[in-house]
Amino acid sequence: MAAQASIAVGSQVWVEDPDVAWIDGEVIKVNGDTVTVKCSNEKMVTAKATNVHAKDPEEAPCGVDDMTKLAYLHEPGVLQNLKSRYDMNEIYTYTGNILIAVNPFRRLPHLYDTQMMQQYKGADFGELSPHPFAVADVAYRLMLNEGISQSILVSGESGAGKTESTKMIMRYLAYMGGKAASEGRTVEKQVLQSNPVLEAFGNAKTVRNNNSSRFGKFVEIQFDQNGRISGAAVRTYLLERSRVCQISDPERNYHCFYMLCAAPPEERERYKLGDPRTFHYLNQSNCIKLEGLDESKEYLETRKAMDIIGISSEEQEAIFRVVAAILHLGNVEFAEGVDGDSSKPKDEKSLFHLRTAAELFMCDAKALEDSLCQRIIVTRDENIVKTLDPESAKGSRDALAKTVYSRLFDWLVNKINNSIGQDPNSKCLIGVLDIYGFESFKTNSFEQFCINLTNEKLQQHFNQHVFKMEQEEYTKEEINWSYIEFIDNQDVLDLIEKKPGGIIALLDEACMLPRSTHETFAQKLYQTFKNHKRFAKPKLSRSDFTICHYAGDVTYQTELFLDKNKDYVVAEHQALLSASKCAFVSGLFPLLSEDSSKSSKFSSIGSRFKQQLQSLLETLSATEPHYIRCVKPNNLLKPAIFENQNVLQQLRCGGVMEAIRISCAGYPTRRTFYEFIDRFGILAPDVLSGSSDEVSAVRRLLEKVDLQGYQIGKTKVFLRAGQMAELDARRNEVLGRSASLIQRKVRSFLAQKSFIALRRSALQIQTVCRGELARREYHNLRREAASLKIQTSYRMHTARKAYKELSTSAVTIQSALRGMCARKELHFRRQTRAAIIVQSHCRQFLARLHYSRTKKAAIITQCAWRGKVARKDLRKLKMAARETGALQVAKNKLEKQVEELTWRLQLEKRMRADLEEAKSQENAKLQAALQEVQQQYKETKEILVQEREAAKKAAEIAPVIKEVPVVDTELMNKLRDENDKLKTLVSSLEKKIDDTEKKYQETSKISEERLKQAMDAETKIVDLNMAMLRLQEKISTMESDEKVQRQALLNTPVKSMSEHLSIPIAPKNLENGYHEVEEQKEPQSAPPAIKEYGNGDPKLRKSYADRQLENVDALIDCVGKNLGYCAGKPIAAFTIYKCLLHWKSFEAEKTSVFDRLIQLIGSAIENEDDNDNLAYWLSNTSSLLFLLQRSLKAAGAPGSVSRKKPPQPTSLFGRMAQGLRSASFANMHVEATDVVRQVEAKYPALLFKQQLTAYVEKIYGIVRDNIKKELSSLISLCIQAPRTMKASMLRVSGRLSGQAQNQSNHWQKIIESLDKLLKTLQDNYVPPVLSQKIFTQIFSYTNVQLFNSLLLRRECCSFSNGEYVKAGLAELELWCAKATTEYAASSWDELKHIRQAVGFLVIFQKFRISYDEIVNDLCPILSVQQLYRICTQYWDDKYNTQSVSSDVLSNMRVLMTEDSNNAESSSFLLDDNSSIPFSVDDITNSMQEKDFSDMKPAEELLENPAFHFLQE
């Protein structure tokens, strides 16, 4: 509180206001102990000086993240700070180590994602912005490092966000210590999944919150020695049992009742449920439905959650049966029975609900009715049955409902704990307490009394913790604090729970007396505590009482205190439900002992709750506490509304103001020496001028101003309450005097400047006037001379004009006459020419008409004659055709044969492979037929010759036989006819053969054309197959091998390839059914010489194998050394490749040379800190991978070398196809050089290539991570804002210059690290693509670290820090330019976020910049969330300039709100990309220009005769 002496006219103060609690203003008048203040709303307020608080005129517009940094730690200062941060969307604020969380009533997922958890992991408390993750991280680190159990107490009123804060803490603890359970579910997930079940049965709608927890919850998370979660348990406190039977408008009962009424129809029919409005326990309030809540969906989610935590379907059925029974039980009404003091069910409806409840409880309906309407009094002699009146029966019904529901809730909690499981060996735990806050309503009953008792106990624990923290702070600073008084609330606790004589003890006593009422209980309280300062009796009430709590006075109504405090179980109820046929119901009510079952046993809820509370406090006392105070900014539950009165009341109820009061009892104001000198150094500049030590300077300054009661620690100045205001008042006086002096000097300067300007103006006016008069005289003289010239020119112009008009008229008349004559002559000539043309066209038409008619007549005559001749020839042909009918059969045969040939040609198109053979067979048939005909012709000719000879002989013997000539004539005629027929047949066959050959030639031509087309198509198919096989090879290499085998090879020891390549000896089927076992093949990796002798002498074979192993050993020993480079290419990689190629290892089915090489590379890079060695092997492995990529072809892939010659085709088409194929394959692959040639790779070679790719990536990642690790510490030093100090104040310019030099050295060290890495990569000839990727990812990492720190640390978001970082970025830009694009590539572009952010920080007059200019011109790459955070955190420590205007911030908030409503907002933090950003193809493409033909192998191997092949 400000001292009266510190309040002066013009001071900025806070004054109380009935609307907004506190309002700022300026003191206008001071009159004794009263002041007049002009408020910011233009109101004039008069108040006492003791009720006015000083305001810090230099407070940051966006507040501070820790309220202990406030200049004035009082109610208005705290309230204004919270409001300023809430307006900036900063919902978390520290008060020392206490976190205050203001509910934003909107989803902010970017504040709670995994990336944000990573930022807070291991960060010092207070280093980053306030957050629940920071509190959870501190608790986890303390538990892990010191082995002390921790507790996090989350408190606040209903709707303040306690449950959400608890979930965030649980998530962070699960992130830090998560451990998978054997069942597949983690412990932390089971704890989180128990929330829906507990919320369904323990949460309800209240006046202030739609989902208020009506019970306290303490979650114990147990950890093992390694800090991993090993178990958990949930403890609950004080379930509000009375809500089951009694609710007030507009509240609701527990959610489970409404969920069950919204269950699927078949389940509602099973439980005989309907509209919730029909049940007495639910219709006492008009609020049945909640807006935006789907009860049926929530019911299914609750059932699903029950399944997850291990509640069986039978148990779920029994649970909801009990819930339905409670609803039916509430609808049972009672009326007077036969006797006056007896009762019975009122009507049939009540009987129906009674029977339904008994059916659901699985007990006898009559027994249930008797247990509600009767009581059995046990005496020594007999049991007396006492009937109850309707009112008592109603109370018995409600007591049964509350007892059953309470037992059901306890069973659920136990079931959850059993499902989660606890670790008996756990030594440490972190407890998270989610408990109701202080409550004060118009009507406060027994529940509010217990809740406020809880908060009183927790407040005492909180006060002790705060006082302890104060003591630790004072001890750390080594100041005297022994005389500071500590005030606690023990007197209130004694008033409530002291035994005997406390309120709870008196309440228990009243509950046990049979005739006690709430009025007698109240009178007892009045008599007992009439002189207690914390107890009061309201004037207008006979049964209410008031307790003065730490948060304010609360008046309690005692009407229901006695009923709600009773916690006995009626013996009849116990016996009834214990005998239930339902095992679940009977399990809720286990059998009691014989003594306790004879009568109703009384137990007090207040006493039981006090015991639970004491147990909780003992647990908390055994742990290190951490506090989170949740605040609800408004009762409308809407975002962007901050109600001062409501928040202030919650701060008081949450103990924040009490903590401030404790701080004010000591030294509430604490400033570092630099801050104190920076602010109050003007009070005594002469004292500071000769001082070089901050501590002595501060001490001399305080002595100079004559301040008493302060303390000087090791690093801070501690001031008592009011001293800061006194110093500020003196500072304002000094500033006021300085301002007056400045004003006087300025006014004098302005007056002198005005006089000089006035005199200069008079001289200028005189000069101007004289000049004006002279100019006017000169102007008149010029006018006279000009008038004479104008007259002369006018007369000349008039004469010239008259002459020109006359001349123009004459010329016009002449031209018109000449034109008329010319037009007449032209018209006559055109007429004559047209007549001639018409005559010529007419004569031409007549001549053409005569010629066309003559020609037409001649053509008609010719046509008629030719037609006549043609018809005559046609008749002759028809007659000839009729005579040639005998040839028709041969024609038909030929046609059939032609058709057969045509069919065979078509068949040849479909069966190209058999075409040649089919044609050969057909030709053979035709040739055979021809030969047969020729043979027949020869035989016939021979027969004719024989017959002629016989005829001649017969003619010689003519005298003997005279009749023979006659016979011979007939025979000759017959033979002649046959001969003619044969000739005809032969000619027809010859003609047929000729036609067939012609058709065969035509068909061959067509077949060749189609074959050519087919071969073109085949060539295309071959090309497509090749491309497809290349893609298949790449896919198999990149996807399956890179993702599976490569990771396995890196994470597990290298296995021998022989294990992977062991080929089982399969039995071979023979024709006779027996099996023959093939002999194991000889390894193909041996040199040719060994293979030649492979089948010879075994000793010789063994010697060659030994020699091969010696060669491999020699290679391994040689390349294990640093062989250097030749012509910019690694010698080791080239040597390995040449040896493997010569030994034919790539084509071997089984070999161990690849295993040896992989083991060599793995052992060579074991030292991950040597970047030179890593760069050497990165260059070798990448070059070797390039050679393998160009050489190896998978077996069966296009382009692979075939060892066996394919059989030569015999057919024409086969030879043509083979020729085309060989031509296409010959052009398919051209070797780049003679050194690199393609081979058909087997599985070991392909696996070696994949392993080599994995090692290239691994070495790349190690080098990148090494440089990141090296730069990380330097970047963290560059992140810190450069601390500037006025050299004129302490004259320590040497030290400051050294400090500035050290800060600039940080960037220089970064440049040196980059230069060193670049030189290492260049010296080892690492492929440029890898160098580019390394530097790109390093710059991206730098961008992420700098930008995230700018957003998370407000001290970094300053003008001077922007200049500092901008200067460092300029040095990085110069480095990129020096490194050239070959190595730096686009590295500079990776810094775009920090470049734009820093560019925005160093802009002057930010308040004049519009939102569009920021988004489109200045920072187009930054998101709205990032811009908003930079704008709200910006502060100018150099020129004291302002941030952007409030309109710009409002626009950003609107956009952020829209983003949060439409979709989840992205995180404002950047994420570092640690993936491998290149592929094998990238390396291959970047090394295409390398030529290995000029390479020289290792000199050491050339001396070995076995390696002479390297010289080839």
Side-chain angles (χ1 to χ4, degrees), residues 157-158 202-209 212-216 237-254 281 284-285 287 391 394-395 398-399 401-403 405-406 435-457 492 495-497 502-511 516-526 529 534-538 540-549 551-568 603-610 612-613 653:
E157 75 168 38
S158 179
N203 287 27
K205 179 191 181 304
T206 60
V207 178
R208 297 183 178 179
N209 186 10
S212 175
S213 299
R214 306 316 299 162
F215 65 99
Y237 302 94
L238 190 64
L239 176 70
E240 190 179 352
R241 297 170 49 181
S242 60
R243 182 172 291 271
V244 178
C245 306
Q246 298 172 352
I247 54 175
S248 58
D249 198 20
E251 296 186 351
R252 293 205 323 170
N253 213 317
Y254 291 106
Y281 285 165
Q284 299 174 36
S285 170
C287 180
E391 193 65 27
K394 179 182 176 183
D398 293 342
K402 291 188 289 186
T403 302
Y405 194 82
S406 176
I435 201 163
Y436 20 64
F438 192 90
E439 293 186 354
S440 178
F441 306 130
K442 292 182 179 179
T443 301
N444 300 287
S445 187
F446 182 70
E447 290 81 14
Q448 282 70 43
F449 179 77
C450 294
I451 288 171
N452 293 341
L453 169 61
T454 303
N455 284 273
E456 284 285 356
K457 297 284 285 185
V492 180
L495 171 67
I496 297 175
E497 61 178 1
I503 293 178
I504 293 179
L506 295 177
L507 180 60
D508 292 345
E509 181 182 345
C511 289
S516 293
T517 63
H518 67 280
E519 294 180 351
T520 60
F521 168 65
Q523 293 301 323
K524 183 69 173 176
L525 293 179
Y526 299 154
F529 305 114
R534 296 279 191 166
F535 184 88
K537 174 185 180 300
L540 302 178
S541 176
R542 299 179 57 186
S543 60
D544 297 350
F545 65 94
T546 301
I547 296 179
C548 182
H549 291 283
D553 297 345
V554 180
T555 300
Y556 299 98
Q557 288 72 36
T558 62
E559 279 79 1
L560 299 174
F561 262 55
L562 274 67
D563 294 336
K564 292 182 178 180
N565 188 47
K566 296 176 180 178
D567 190 29
Y568 58 86
S603 63
S604 166
I605 287 181
S607 299
R608 187 161 61 90
F609 176 69
K610 189 172 68 172
Q612 290 182 343
L613 191 56
C653 296

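Position 1 is the first residue of the sequence, and the numbers go up from there.
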> To the nearest 0.5 Å, how far apart are OG1 in Thr546 and CZ in Arg534?
Replying inline: 13.5 Å
> Closest heavy-atom contact between Glu447 and Glu240?
Replying inline: CG-CG, 3.5 Å
> Shortest non-hydrogen contact from Leu562 to Ala510?
Replying inline: CD2-O, 4.1 Å
> Residues two or more places apart in sequence or in another chain: which of them pass ring pair (Phe, Tyr, Trp, His ring centres under 6.0 Å) with Phe446?
Replying inline: Phe561
> So which of Ile605, Asn565, Ile496 actually passes side chain to side chain contact (heavy atoms under 4.5 Å, CB included) with Leu507?
Replying inline: Asn565
> Looking at Phe215 and Gly202, what are the two nearest heavy atoms and their distance?
Replying inline: CD2-O, 3.4 Å
>> Taking ring pair (Phe, Tyr, Trp, His ring centres under 6.0 Å) as the definition, give me every residue that meets it alongside Phe438, ordered by chain and number, with sequence neighbours left out.
In response: His549, Tyr550
> Listed by chain and number, what are the side-chain hydrogen bond (donor to acceptor under 3.5 Å, both in side chains) partners of Thr443, not counting sequence neighbours?
Replying inline: none
> Backbone N or O of Thr558 within a donor-acceptor pair of the Ser543 side chain at under 3.5 Å?
Replying inline: no
> For Phe449, does its backbone N or O pair with a side-chain atom of Asn444 as donor and acceptor, under 3.5 Å?
Replying inline: no
>> What's the separation between atom CG in Asp398 and atom CZ in Arg241, rounded to the nearest 0.5 Å?
In response: 11.5 Å
> Nearest 0.5 Å, what's the OG-CG distance between Ser440 and Asn452?
Replying inline: 7.5 Å
>> Check for me whether the distance between the ring centres of Tyr405 and Tyr254 falls short of 6.0 Å.
In response: yes
>> Please enumerate all residues that pass side-chain hydrogen bond (donor to acceptor under 3.5 Å, both in side chains) together with Ser445, with sequence neighbours excluded.
In response: Lys564
> Closest approach of Ser242 and Lys402, non-hydrogen atoms and distance?
Replying inline: CA-CD, 3.9 Å
> Do Leu453 and Ile504 have side-chain heavy atoms sitting under 4.5 Å apart?
Replying inline: yes
> From Leu613 CG over to Ile435 CD1, what is the distance, rounded to the nearest 0.5 angstrom?
Replying inline: 7.0 Å
>> Measuring from atom CD of Gln284 to atom CZ of Arg252, what distance do you get when rounded to the nearest 0.5 angstrom?
In response: 14.0 Å
>> Looking at Lys537, I want to see if its NZ is surrounded by more than 12 non-hydrogen atoms of other residues, nucleotides or ligands under 6.0 Å.
In response: yes
> In Å, rounded to the nearest 0.5 Å, how long is the span from CZ of Arg243 to OG of Ser248?
Replying inline: 7.0 Å
> Is it true that a side-chain atom of Thr520 and a backbone atom of Thr517 form a donor plus acceptor pair closer than 3.5 Å?
Replying inline: yes
> Should the pair Lys524-Glu509 be classified as a salt bridge under the 4.0 Å nitrogen-to-oxygen rule?
Replying inline: no
> Leu525 versus Ile503: any side-chain heavy-atom pair under 4.5 Å?
Replying inline: yes
> So do the side chains of Leu560 and His518 get within less than 4.5 Å of each other, counting heavy atoms only?
Replying inline: no
> At their closest point, which heavy atom of Arg542 faces which heavy atom of Gln523, and how far apart are they?
Replying inline: O-NE2, 3.6 Å
>> Going by the rule side-chain hydrogen bond (donor to acceptor under 3.5 Å, both in side chains), which residues pair with Ser516 if we only count those two or more places apart in sequence or in a different chain?
In response: none
>> Looking at every non-hydrogen atom in both residues, tell me the closest pair between Ser285 and Asp249 and how far apart they are.
In response: OG-OD1, 3.1 Å
>> My understanding is that only residues two or more places apart in sequence, or in another chain, count here; which of them pass side-chain hydrogen bond (donor to acceptor under 3.5 Å, both in side chains) with Ser212?
In response: Ser158, Arg214
